[in-house]
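Before any comments, here is the structure.
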Amino acid sequence: MNSKVRVRFAPSPTGPLHIGGVRTALYNYLFAKKHGGDFLLRIEDTDSGRFVPGAEKYIIESLRWCGIVPNEGVGFGDGAHAPYRQSERKELYLDYALQLIDDGFAYYAFDTAEELDALRKEQESQGKAFTYNYQVRTSLSTSLKLSKEDVEERIARGEQWVIRFKMPENEQIRMQDLIRGEVVVNSSTLDDKVLYKSADQLPTYHLANIVDDFMMEITHVIRGEEWLPSLPLHVMLYRALDWEDNMPQFAHLPLLLKPDGKGKLSKRDGDRLGFPVFPLQWQDPKTEEISSGYRESGYFPEAFINMLAFLGWNPGTTQEIFSLDELAEAFSLDHVHKAGARFDFEKAKWYNHQYLVTRSDEDLAADFEKILAEKGISAEHNFVVKVVALVKERVNFVKEMWQQASFFFIAPKSYDADVIKKRWKDNAPALIAEAKDVLLNFDGFDAETIKHGLHDFITEKQANMGAVMNCLRLSLVGSSFGPDLPVIIEMLGKEEVAARIEKAVKTIGI
RNA sequence: GGUCCGUUCAUCUAAGGGUUAGGAUUCAAGAUUUUCAUUCUUGCCAUAGGGGUUCGAAUCCCCUACGGACUACCA
């Protein structure tokens, strides 16, 4: 193939993008980058009834946050194929639909929604499914049955009509999928899909999608597996429009499944199972219901993308940490898995941890300072940098640093009862008070000096190392966790340490 | 119901006729540590079932089971 690779992500603005959609966008982006091609964003807003205000903006913002930046498209600067919003291209589609009628590949249908409903019910009552196909199209109110004059008159009268594709009878449709190989379907099992409707003068997805992909010179269609059943129709449309030579190659991605078993991941799963399904937080404009997002949960976009890329794809090596550029370099549709992937929240957290620990202390401190500010705490920047360096290994998210490090900024308000029970023996207050005096008399106050000093003190008193250190920790931290104690003591400083020990001696056990 | 797609540890996956079926996450144990965590080591755990083809099958074919998607004048 000598034409430049061009792929697209074409969501419809009916709500927030969930992680499955983000992954589809990601794979398209990676594929384009890998092949030095273009990636574009097209908004498929042909369903006016399901339009959700804010959804388009949400999609654009999500892609931006992820670093999945299209070369052209809505919100990313127009290219040569503008506009990229189907509602702004609406006058394009009718001509093609009419052309299909002229060429005998489509026809007018005048059935009302009520009539169709009645037909469906009737068939259902006999245990059969109603299919609008070769068996019925010549006996219903269609241009295949009605006279030319009748059809023209109905249209002139303003009667509502749709244009349906005339799916041929008993033809083996062979299709090539880049991920699944050859797929064969008999056309008799397919129905005559609506391509265009007079009511809103808009095409349906199928027509608009094919016309736009053709006009935008799309070479590869990478989309979710839920579209596989409509592939035969799409292939037939390319043929009917005589565009088969320019038909893109197709790749249907495995679905993202619910973590607890049944079905594809849906918008409702997230907050039900305690993890986000959306990249960004979303508030439903109607119900005002808020759904959590990865960004707001504290994920780094790099970690989020890395995690998503590995749901259904692998590089063929054991490397698991990839930057976006590295992903683009390694990406190949050959390594896309065929089966659906169940989303694993634990792995998502692990990915974030990996990115967190490799992030610079400076950057982490800047992030953590925002959280401190929310708590009304201001601290010296260098101090925060040190704190962050000390606790980063122990957390998955920056915001978890607060639980791990709050004692660096505020004295413990209470002491862990379990630790008191286990460690705070009768002699503890006296011992700790003495340790405090020893600490205060050190010449230097660096961790090394403190460590040796405390060690000597413990040896001299013939005390138990664990007992002294843990009581000291309890006094300073309020519990039994945290980094190396001498380091904590150094960072807190003489005065603060003395004050905390005094308070502990007075308070604990009473 | 019909059409299509799929099925390797609990989870994400590797192995495209020849490996003790590998890695990662989770979980468990041990080591380290004043504590917690990290880290390190070890362990547990899989080819859905049945038939073929073959010297040899996770891999190719068939059947069954199970799972999923689609089945709108939605995308």
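What you see below is based on every heavy atom in this structure, not just the backbone, and it leaves out hydrogens, waters and symmetry mates.
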Got a sec, which residues hit side-chain hydrogen bond (donor to acceptor under 3.5 Å, both in side chains) with A:D344, two or more places apart in sequence or on another chain?
none

Ring centroid separation for A:W313 and A:F331, is it under 6.0 angstrom?
yes

Pairing partner of B:U3 (Watson-Crick or G-U wobble, both distances under 3.5 Å):
B:A69

Could you tabulate the donor-acceptor pairs under 3.5 Å formed by side-chain atoms of residues 409-419 of chain A, not counting sequence neighbours?
{"unit_1": "A:D416", "atom_1": "OD1", "unit_2": "A:D418", "atom_2": "N", "d": "2.9"}
{"unit_1": "A:D416", "atom_1": "OD1", "unit_2": "A:V419", "atom_2": "N", "d": "3.4"}
{"unit_1": "A:D416", "atom_1": "OD2", "unit_2": "A:S479", "atom_2": "OG", "d": "3.3"}

Across all chains, not counting sequence neighbours, the ring pair (Phe, Tyr, Trp, His ring centres under 6.0 Å) partners of A:W282 are A:Y58

Ring geometry between A:F343 and A:F275 (parallel below 30°, tilted from 30 to 60°, perpendicular above 60°):
tilted

Between B:G67 and B:A24, how many Å separate the two P atoms, rounded to a whole number?
32 Å

Nearest to side-chain heavy atoms of A:K347, which nucleotide of B:U71, B:A24, B:U3
B:A24

Can you find a pair of side-chain heavy atoms, one from A:V185 and one from A:L190, that are under 4.5 Å apart?
yes

Taken to the nearest whole Å, CD/A:Q172 to C1'/B:U3 is 12 Å

Sorted by chain and number, sequence neighbours left out, ring pair (Phe, Tyr, Trp, His ring centres under 6.0 Å) with A:Y93 holds for none

Work out how far the C1' atom of B:U8 is from that of B:G23, and round it to whole angstrom.
13 Å

For the side chain of A:V162, starting at C-beta, report the closest nucleotide among B:A75, B:A24, B:C73.
B:C73

NZ of A:K193 versus P of B:C73: gap in Å, rounded?
7 Å

On the 0 to 90° scale, with breaks at 30° and 60°, tag the A:Y351-A:F310 ring pair as parallel, tilted or perpendicular.
tilted

From B:A72, B:C74, B:A69, nucleotide with atom closest to A:K264 side chain
B:A69

Residue set satisfying salt bridge (charged side-chain N to carboxylate O under 4.0 Å, His left out) with A:E169, at least two apart, ordered chain then number -> none

Rounded distance in Å between the P positions of B:U53 and B:C40
50 Å

Nucleotide nearest A:N314 (side chain, heavy atoms from C-beta), chosen from B:G23, B:A14, B:C74:
B:A14

To the nearest angstrom, how far is A:H252 atom NE2 from B:U3 atom C1'?
15 Å

Using the C1' atoms only, state how far B:C44 lies from B:U26, rounded to an integer number of Å.
12 Å

Residues passing the ring pair (Phe, Tyr, Trp, His ring centres under 6.0 Å) test with A:W161, sequence neighbours excluded, are A:Y108

For B:A15, the Watson-Crick or wobble counterpart (both distances under 3.5 Å)
none

Rounding to an integer number of angstrom, what distance separates B:G16 and B:C27 when you compare their C1' atoms?
32 Å

side-chain hydrogen bond (donor to acceptor under 3.5 Å, both in side chains) evaluation trace for A:T459 with A:D456
CA-CA 5 Å; A:T459 315; A:D456 293 345; 5.2 Å; no

Find the distance A:N306:CG to B:U13:P and express it as a whole number of Å.
14 Å

Given that A:D45 and A:F343 both sit by RNA chain B, which one's nearest nucleotide is further toward the 5' end?
A:F343

Please list, pair by pair, any protein nitrogen or oxygen found under 3.5 Å from a nitrogen or oxygen in nucleotides 5-9 of chain B.
{"unit_1": "B:C5", "atom_1": "O2'", "unit_2": "A:R180", "atom_2": "NH1", "d": "2.7"}
{"unit_1": "B:C5", "atom_1": "O2'", "unit_2": "A:E225", "atom_2": "OE2", "d": "2.9"}

How far does the P atom of B:C70 sit from the matching atom of B:C9, given to the nearest Å?
25 Å

Under the salt bridge (charged side-chain N to carboxylate O under 4.0 Å, His left out) rule, collect the residues that match up with A:D117, sequence neighbours excluded.
A:R120

Got a sec? Which of residues 402-415 of chain A come in under 4.0 Å of RNA chain B, heavy atoms?
none

Measure all distances between protein nitrogen or oxygen atoms and nitrogen or oxygen atoms of nucleotides 33-35 of chain B, and list the pairs falling under 3.5 Å.
{"unit_1": "B:U34", "atom_1": "O2'", "unit_2": "A:N470", "atom_2": "ND2", "d": "2.6"}
{"unit_1": "B:U34", "atom_1": "N3", "unit_2": "A:R473", "atom_2": "NH2", "d": "3.1"}
{"unit_1": "B:U34", "atom_1": "O4", "unit_2": "A:D484", "atom_2": "OD1", "d": "2.4"}
{"unit_1": "B:U34", "atom_1": "O4", "unit_2": "A:L485", "atom_2": "N", "d": "2.6"}
{"unit_1": "B:U35", "atom_1": "O4'", "unit_2": "A:N470", "atom_2": "OD1", "d": "3.1"}
{"unit_1": "B:U35", "atom_1": "O2'", "unit_2": "A:S480", "atom_2": "O", "d": "2.3"}
{"unit_1": "B:U35", "atom_1": "O2'", "unit_2": "A:S480", "atom_2": "OG", "d": "3.4"}
{"unit_1": "B:U35", "atom_1": "O2", "unit_2": "A:R473", "atom_2": "NE", "d": "3.4"}
{"unit_1": "B:U35", "atom_1": "O2", "unit_2": "A:R473", "atom_2": "NH1", "d": "3.4"}
{"unit_1": "B:U35", "atom_1": "O2", "unit_2": "A:S480", "atom_2": "O", "d": "2.6"}
{"unit_1": "B:U35", "atom_1": "O2", "unit_2": "A:G482", "atom_2": "N", "d": "3.4"}
{"unit_1": "B:U35", "atom_1": "N3", "unit_2": "A:R473", "atom_2": "NH1", "d": "3.4"}
{"unit_1": "B:U35", "atom_1": "N3", "unit_2": "A:R473", "atom_2": "NH2", "d": "2.9"}
{"unit_1": "B:U35", "atom_1": "N3", "unit_2": "A:G482", "atom_2": "O", "d": "2.8"}
{"unit_1": "B:U35", "atom_1": "O4", "unit_2": "A:R473", "atom_2": "NH2", "d": "3.3"}
{"unit_1": "B:U35", "atom_1": "O4", "unit_2": "A:G482", "atom_2": "O", "d": "3.4"}

Base partner of B:A28, which must satisfy Watson-Crick or wobble distances under 3.5 Å:
B:U42

Check whether any side-chain N or O of A:R164 sits under 4.0 Å from OP1 or OP2 of B:C73, and answer yes or no.
yes

Can you check whether A:K128 has a side-chain N or O nearer than 4.0 Å to OP1 or OP2 of B:G2?
no

Rounded to whole Å, please give me the gap between NE2 in A:H353 and C1' in B:A37.
9 Å

My understanding is that only residues two or more places apart in sequence, or in another chain, count here; which of them pass ring pair (Phe, Tyr, Trp, His ring centres under 6.0 Å) with A:H353?
none

Indicate whether OP1 or OP2 belonging to B:C73 is found under 4.0 Å from a side-chain N or O atom of A:T112.
no

d(CG, A:L265; P, B:A69) in whole Å:
11 Å

Using Watson-Crick or G-U wobble geometry with both distances below 3.5 Å, tell me the partner of B:U53, or none.
none

For A:H252 and A:R180, which I'm curious about, is there any donor-acceptor pair between the side chains at under 3.5 Å?
no

When you check the side-chain N and O atoms of A:N186 and A:E171, is any donor under 3.5 Å from an acceptor?
no

Write down the distance between CH2 (A:W350) and P (B:G23), rounded to a whole number of angstrom.
14 Å

Could you tell me how far B:C61 sits from B:C45 if I compare only their P atoms? Round to whole Å.
31 Å

Distance, P atom - from B:C63 to B:C5, rounded to whole angstrom:
13 Å

Could you list, one pair per line, each protein nitrogen or oxygen that sits under 3.5 Å from a nitrogen or oxygen of nucleotides 43-48 of chain B, together with the distance?
none

Selected nucleotide, minimal atom distance to A:A129 side chain, candidates B:C4, B:G1, B:C73
B:G1

Rounded to whole Å, how long is the line connecting atom CZ of A:F51 with atom C1' of B:A75?
14 Å

When you check the side-chain N and O atoms of A:Y134 and A:N170, is any donor under 3.5 Å from an acceptor?
no

